[in-house]
Amino acid sequence: TYKSLTKKGWLYGDVIHAFMEVFQKELSLDQNIKECFILNDYFFTYISAHGEELSGNHAFSTRLTKEDLTTKEIIMPVYFPCHWAICIISNSKKIIMFLDLLYQDGENTIHRDNFCLSKVKKWHEMKCKSFENIPQGYSSAETFQSVRARDLQNIGQQTDSFSCGVNCCALACYWILNNSLPDSNTF
């Protein structure tokens, strides 16, 4: 079981960001683990706020190369006011996953999940178009399946109101190390 740093304590953006940077640096030292690219924890906030103005090239994603975009697993922490989720763009499995383990039934959360997936897919398509010689048919609309945590049958669900940041970090680690998501017995 994963726990926050303090009892009923939240992980703030600077902790999530620092963890993701250390995680990516450690992964780069191991040749046996697939490569990943971790986007800044403010990245999703940026792409969701810029809507139709969004272009594939902007400050938060200019370090992302064509090779990163087409070969690596891309990890995107997603921040909402007082809540964390994660988006994973998997080149190995050709899926874009929005994983919020605090999923609940209801029109608002379903709308939010769909909104998040649509923003990430739009950014991914625009980023693909910004590079020359991307493989034919390679864009999120044509190639990548969309998946939400609520669509998965055996994934665990967050049962408290404070472990979302830890879950975000743990899901990223588990995906990169195992090329799968944990089941409800693991989480």
Side-chain angles (χ1 to χ4, degrees), residues 13 16-17 19-21 23-24 34-104 107-131 134-135 137-152 155 158 164-165 167-176 179-182:
I16 301 287
H17 182 73
F19 173 82
M20 294 292 180
E21 280 193 346
F23 180 60
Q24 186 168 13
K34 67 182 163 196
E35 293 184 84
C36 69
F37 188 93
I38 300 174
L39 289 162
N40 185 294
D41 49 306
Y42 295 106
F43 180 75
F44 180 79
T45 303
Y46 178 86
I47 66 172
S48 62
H50 287 79
E52 298 306 315
E53 304 164 25
L54 183 64
S55 71
N57 292 317
H58 46 75
F60 287 116
S61 69
T62 52
R63 293 182 309 128
L64 189 71
T65 66
K66 180 175 121 179
E67 179 187 358
D68 295 334
L69 186 68
T70 58
T71 62
K72 295 181 180 180
E73 305 295 285
I74 300 171
I75 307 294
M76 182 186 306
V78 176
Y79 179 74
F80 304 105
C82 301
H83 186 61
W84 286 98
I86 194 159
C87 189
I88 299 172
I89 300 172
S90 173
N91 279 295
S92 64
K93 296 202 177 191
K94 300 294 185 238
I95 54 177
I96 296 177
M97 296 177 283
F98 175 70
L99 303 171
D100 180 358
L101 297 185
L102 191 61
Y103 61 89
Q104 302 164 343
E107 193 173 312
N108 288 342
T109 56
I110 291 170
H111 173 73
R112 186 196 64 203
D113 292 1
N114 292 338
F115 170 81
C116 293
L117 274 170
S118 70
K119 289 295 185 181
V120 172
K121 285 183 84 161
K122 181 178 175 87
W123 167 78
H124 188 254
E125 287 178 45
M126 295 180 87
K127 190 67 178 174
C128 285
K129 290 177 183 174
S130 73
F131 290 114
I134 289 285
Y138 185 90
S139 78
S140 57
E142 299 168 354
T143 312
F144 285 74
Q145 174 188 1
S146 297
V147 176
R148 304 170 302 177
R150 69 179 63 253
D151 300 326
L152 303 171
I155 194 166
Q158 181 178 328
C164 55
N167 287 338
C168 177
C169 295
L171 284 169
C173 291
Y174 200 92
W175 180 262
I176 296 303
N179 202 28
S180 66
L181 293 172

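If you read the sequence from its start, that first residue is 1, and numbering goes on from there.
With rounding to the nearest 0.5 Å, the separation of SG in Cys87 from CH2 in Trp123 is 9.0 Å.
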Report task. Apply the test side chain to side chain contact (heavy atoms under 4.5 Å, CB included) to residues Glu67 and Phe37: give CA-CA distance (whole Å), side-chain angles for both, the deciding distance (0.1 Å), then the verdict. Result -> CA-CA 10 Å; Glu67 179 187 358; Phe37 188 93; over 6 Å; no

Requested in this report: Any chance you could lay out the side chain to side chain contact (heavy atoms under 4.5 Å, CB included) test for Asn167 and Trp84, step after step, and finish with the verdict?
Outcome: CA-CA 8 Å; Asn167 287 338; Trp84 286 98; over 6 Å; no

Requested in this report: Take Asn114 and Arg148 through the side chain to side chain contact (heavy atoms under 4.5 Å, CB included) test and state the conclusion after the steps.
Outcome: CA-CA 8 Å; Asn114 292 338; Arg148 304 170 302 177; 3.1 Å; yes

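Remark: Glu35 pairs with Lys72 by the salt bridge (charged side-chain N to carboxylate O under 4.0 Å, His left out) rule, at least two apart or across chains. With sequence neighbours excluded, the residues satisfying side-chain contact (heavy atoms from CB on, under 4.5 Å) with Ser92 are Lys34, Glu73, Ser90, Asn179. Phe19 is linked by a side-chain contact (heavy atoms from CB on, under 4.5 Å) to Phe23, Cys169, Cys173, counting only residues two or more places apart in sequence or in another chain. Remark: Glu21 pairs with His17 by the side chain to side chain donor-acceptor pair (under 3.5 Å) rule, at least two apart or across chains. Qualifying side-chain contact (heavy atoms from CB on, under 4.5 Å) partners for Ala85, counting only residues two or more places apart in sequence or in other chains: Val78, Phe80, Phe98, Asp100.
Atom NZ of Lys66 is surrounded by more than 12 heavy atoms from other residues, nucleotides or ligands within 6.0 Å.
The closest side-chain heavy-atom distance from Asn91 to Thr71 is not below 4.5 Å. Considering only heavy atoms from C-beta on, Ile86 comes within 4.5 Å of Ile75 through its side chain. When side chains are defined from C-beta on, Cys168 counts as touching Met20, because their heavy atoms get closer than 4.5 Å. Looking at heavy atoms from C-beta onward, Pro77 lies out of side-chain contact with Phe43 at the 4.5 angstrom threshold.
Checked options Ile89, Ile47, Thr143; the residue passing with His124 is Ile89 (criterion: side chain to side chain contact (heavy atoms under 4.5 Å, CB included)).
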